[in-house]
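Beneath this line is the structure, given in structure tokens, with notes to follow.
Whatever order the structure lists them in is the order used to number ligands and atoms, beginning at 1.
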Amino acid sequence: MKWIAGHYEWVFPRPVLIMGIVNVTPDSFSDGGRYLSTEAAVAHALTLAAEGADLLDIGGESTRPGAAPVGEAEELARVLPVFSGLAGRVSVALSIDTQKPAVARAAIAAGASLVNDTAAHRAPPEMWQLVATTGAGYVCMHSQGTPRTMPTAPHYDDVVGEVRAFFGERLRRLTQAGVRAEQIALDVGIGFGKTWEHNLQLLAALDSFRSLDHPLLLGVSRKSFIGKLLGVEVAERLPASLACAVWATQLGVEIIRTHDVAATRQAVRMTEALLARA
Ligand code: 9MG
């Protein structure tokens with residue numbers, strides 16, 4: 001299995017790819033706006049790359065439940081200077097975390113190699129046409145609702161089966177839009193329109209998505225379901241985030257999205273060394 005994103009190509013099996021999170025938002029749930037300024041965001045991105053990130057996911061609109069939407073001009077003003085500031089300074093792949101095709105287009109022109117689309121429930125398929133024509137990588141994430149409209153009491157009869165059916169339907173439509181299978185990674189969307197019980201069920205069943213034959217991306221870093229389950233604040237969620245990363249590595253996830261690159265990389269590499277000898 002391959003994942004192709006612009007001029008990057010990863011062939012699996014291989015060590016888990018670590019995607020570092022670079023939030024350029026004043027209302028980000030865990031950075032609290034510290035990285036709002038371009039300079040600080042670029043410096044943070046360079047630190048994550050030095051810590052061993054394989055990819056950097058740069059986003060200018062918070063996807064935290066209830067977060068206020070950001071206009072296109074404002075989102076562009078937040079993220080584009082970060083892409084320019086990183087140009088020629090990192091060799092890792094840059095990802096644009098956006099739901100807006102216009103932002104994705106400008107970010108690709110500024111150096112992004114993939115689009116992290118947390119609104120893969122979209123119509124019309126402008127984003128997909130962009131991905132098809134540019135050859136960018138694409139993360140197709142499941143969500144019930146948008147950050148603004150996520151249900152307060154999400155309901156599924158069978159969360160694992162419904163997310164799997166969603167992937168099947170999106171993969172068909174992505175193919176129709178001209179996106180090649182090698183461009184697409186899948187993500188169950190932990191925390192996006194799901195209760196902590198739904199999140200746990202999806203985490204427990206991660207290996208059931210492997211038969212879809214696409215790289216799996218997982219984002220659990222510091223998420224609120226950890227706080228709800230264990231009663232810990234955002235700043236205290238690293239151990240549980242690492243436990244999930246270790247679990248995901250054991251179940252064959254290919255990409256882990258995290259705020260804590262050095263710690264996650266260390267936990268994942270140790271897990272891989274043990275799995276190779278088990
Ligand atoms: C932007 N963002 C926040 N959480 C995420 C997750 O779990 N997956 C992906 N792909 N993006 C996320």
For Asp97, is at least one N or O under 3.5 Å away from an N or O on ligand 1?
no
Taking distance alone, with N or O pairs closer than 3.5 Å, would you say Asn116 contacts ligand 1?
yes
Check each of Asp117, Asp187, Leu186 against atom 8 (N) of ligand 1 and report the one with the nearest heavy atom.
Asp187
Within a distance under 4.0 Å of any heavy atom of [X], pick out the atoms of ligand 1 and give their elements.
{"X": "Leu217", "value": "10 (N)"}
{"X": "Thr63", "value": "1 (C), 2 (N), 3 (C)"}
{"X": "Val139", "value": "10 (N)"}
{"X": "Gly219", "value": "7 (O)"}

Which part of Val220 is near ligand 1, with near meaning a heavy atom under 4.0 Å away: side chain, backbone, both or neither?
neither
One residue to check: Thr118. Relative to ligand 1, which of side chain, backbone, both or neither has a non-hydrogen atom less than 4.0 Å away?
side chain
Side chain to side chain, [X] and [Y], heavy atoms closer than 4.5 Å:
{"X": "Val115", "Y": "Ser95", "value": "no"}
{"X": "Ile256", "Y": "Met19", "value": "no"}
{"X": "Thr25", "Y": "Arg78", "value": "yes"}
{"X": "Leu203", "Y": "Val220", "value": "yes"}

